[in-house]
Amino acid sequence: MVRRIDVAGAGGVRLAAWEFTDPPKNGGAEGAARGPGVLMLHGLMGRAAHWADTARRLSARHRPVGLDQRGHGRSEKPGEGPYDREAYVDDAIAAIEQLELAPVALIGHAMGALTAWQVAARRPDLVSALVICDMRASALGGASQHEWTEWFRSWPVPFATLADVRKWFGEDDPTLERPRPVRGEFFAEVMAERADGWRPVFSRRQMLRARETWVYDAHWEELAQVRCPALVVRGLDAELGRAEAQEMVRVLPRGEYAEIPDAGHLLPWEQPDAWCRAIEPFLRTATATGTPLD
């Protein structure tokens, strides 16, 4: 069962959270009976529904919840934002508190991973464990932001059909080095049919505004402030390189490392079995024994 729960984020922005386990039959305080809470945070342009397979695999032992972050999915997309780091972190904290997930394990992909470790650094009392999936701690710089701007402009929007969406993002996108069908499926899930064809459910302008709030800065100091057990996961062909990932593990007070072969940036969806084999034992141990450092 999947059910939607509305959450009031920072500034009253309406956020859609999706719980992937059955609610307690008697309601209320029996939430703990559903197992330790897990909040899953998607990356830029993603949505909570992308976590459905991971959530179902975790649901036997945990209470997995996915959050559509502001500007994404079914959550509110305020025209003028804000879309800065503080807003995303405050939204996640609001979701943890309103859904009574604490102490929560945070799983984040890309931008969602940065949000997750910033939450863990700011509010260690709320977080029992952290999974960082393919997010760099180093500053990416202005060239990276320019590349993204040009990439967004290259999209042949609107797409006539969902098949065209899958083909362009999975095969025809000139930034691809080789076909990645999973990427096509990933983007098909963030499109909606309009009068003139299929368009993204998010604003590309807002996505760039969100990205520019982290792309120019390094985030090593916040990593060092994470006190709970933390797992850094990367694919062999991912954006996060091995050397940087291992340095992130070194900086984290309780860091661990996992690497998944034959996977790129979308490793949880490219290699779902290997992904879950990496995170399940970690979460099982961390949520049973993980307590913040003094």
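Excluded from the calculations below are hydrogen atoms, water molecules and symmetry mates; all remaining heavy atoms, backbone and side chain alike, are included. Because the structure is predicted, anything quoted here is derived from the model rather than measured.
- Residues V165 and L176 do not share a hydrophobic cluster, defined by chaining ILVMFWY side chains whose heavy atoms lie under 4.5 Å apart.
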Using the side chain to side chain contact (heavy atoms under 4.5 Å, CB included) rule, take T54 and I279 through it: C-alpha gap first, then chi angles, then the decisive distance, then the call. CA-CA 10 Å; T54 297; I279 68 170; 4.1 Å; yes
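- Below 30°, between 30° and 60°, or above 60°: for H109 and W269 the angle between ring planes is above 60°, a perpendicular geometry.
- Both V157 and W151 belong to a single network of hydrophobic side chains, linked directly or stepwise wherever heavy atoms of I, L, V, M, F, W or Y lie under 4.5 Å apart.
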Quick one: do R227 and D125 satisfy salt bridge (Lys or Arg N to Asp or Glu O under 4.0 Å)? Show the steps, please. CA-CA 10 Å; R227 296 159 58 188; D125 57 306; over 6 Å; no
Begin from the C-alpha positions of R136 and E239 and carry the test salt bridge (Lys or Arg N to Asp or Glu O under 4.0 Å) through to its verdict. CA-CA 8 Å; R136 299 183 61 184; E239 295 177 10; over 6 Å; no
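- For E177, the CD atom is loosely surrounded, since the number of other residues' heavy atoms within 6.0 Å does not exceed 12.
- Between T213 and Y83, the closest side-chain pair of non-hydrogen atoms is not below 4.5 Å.
- Using a 4.5 Å cut-off on side-chain heavy atoms (C-beta onward), R14 and V7 make no contact.
- The structure places CE of M191 at 11.0 Å from CG of D164, a figure rounded to the nearest 0.5 Å.
- Side-chain atoms of V38 and L101, non-hydrogen and from C-beta on, never get closer than 4.5 Å to each other.
- Between the side chains of R211 and S144, at least one donor N or O sits under 3.5 Å from an acceptor N or O.
- When only modelled atom types and interatomic distance are considered, T287 and R61 share no side-chain donor-acceptor pair under 3.5 Å.
- Using a 4.5 Å cut-off on side-chain heavy atoms (C-beta onward), M111 and Q69 make contact.
- Between R47 and E189 there is no salt bridge, since no side-chain N of the basic residue sits under 4.0 Å from a carboxylate O of the acidic one.
- L231 and A278 make their closest contact through CD2-O, 3.6 Å (heavy atoms, listed as atom of the first residue, atom of the second, distance).
- Contact check for L99 versus V104: no side-chain heavy atoms found under the 4.5 Å cut-off.
- With hydrogens and angles ignored, the 3.5 Å screen pairs no side-chain donor or acceptor of R74 with any backbone N or O of A48.
- Looking at heavy atoms from C-beta onward, W275 lies in side-chain contact with C133 at the 4.5 angstrom threshold.
- The existence of a salt bridge linking E97 and R123 is confirmed by a sub-4.0 Å separation between a basic side-chain nitrogen and an acidic carboxylate oxygen.
- Between the side chains of Y257 and E259, at least one donor N or O lies within less than 3.5 Å of an accepting N or O.
- Pairing each heavy atom of A16 with each of D6, the nearest pair is CA-OD1, 4.2 Å.
- Checked by atom type and distance alone, the side chain of E171 never pairs as donor or acceptor with a backbone atom of P181 at under 3.5 Å.
- In terms of hydrophobic clustering, with Ile, Leu, Val, Met, Phe, Trp and Tyr side chains grouped at heavy-atom distances under 4.5 Å, V131 and L236 are assigned to different clusters.
- Atom CG of residue L130 and atom CG of residue L283 lie 10.0 Å apart, to the nearest 0.5 angstrom.
- In this structure, R85 and W214 approach most closely via the heavy-atom pair CD-CB, 4.1 Å.
- Centroid-to-centroid, the aromatic rings of F169 and W155 come within less than 6.0 Å.
- Expressed to the nearest 0.5 Å, how far CD1 of I260 lies from CD of E270 amounts to 9.5 Å.
- Between D273 and R277 no salt bridge is recorded (no basic side-chain N to carboxylate O distance below 4.0 Å).
- A heavy-atom distance below 4.5 Å is found between the side chains of T21 and P64.
- Looking at R180 and D173, no side-chain N of the basic residue comes within less than 4.0 Å of a carboxylate O on the acidic one, giving no salt bridge.
- In the model, D68 has a side-chain atom that pairs as donor or acceptor with a side-chain atom of W18 under 3.5 Å.
- Checking side-chain atoms of E256 against main-chain N and O of V249 turns up no donor-acceptor pair under 3.5 Å.
- Annotation for V226 and A121: closest pair CG2-N, 4.2 Å, computed over non-hydrogen atoms.
- Of the N and O atoms on the side chains of E244 and S138, at least one donor lies less than 3.5 Å from an acceptor on the other residue.
- In the hydrophobic cluster analysis, where Ile, Leu, Val, Met, Phe, Trp and Tyr join through side-chain heavy atoms closer than 4.5 angstrom, Y216 is grouped together with L140.
- Of all non-hydrogen atoms in R199 and D196, the two that sit nearest each other are NH2-OD2, 2.6 Å.
- Annotation: side chain of W168 is in contact with side chain of S154 (closest heavy-atom distance under 4.5 Å).
- In this structure, H72 and R70 approach most closely via the heavy-atom pair ND1-O, 2.9 Å.
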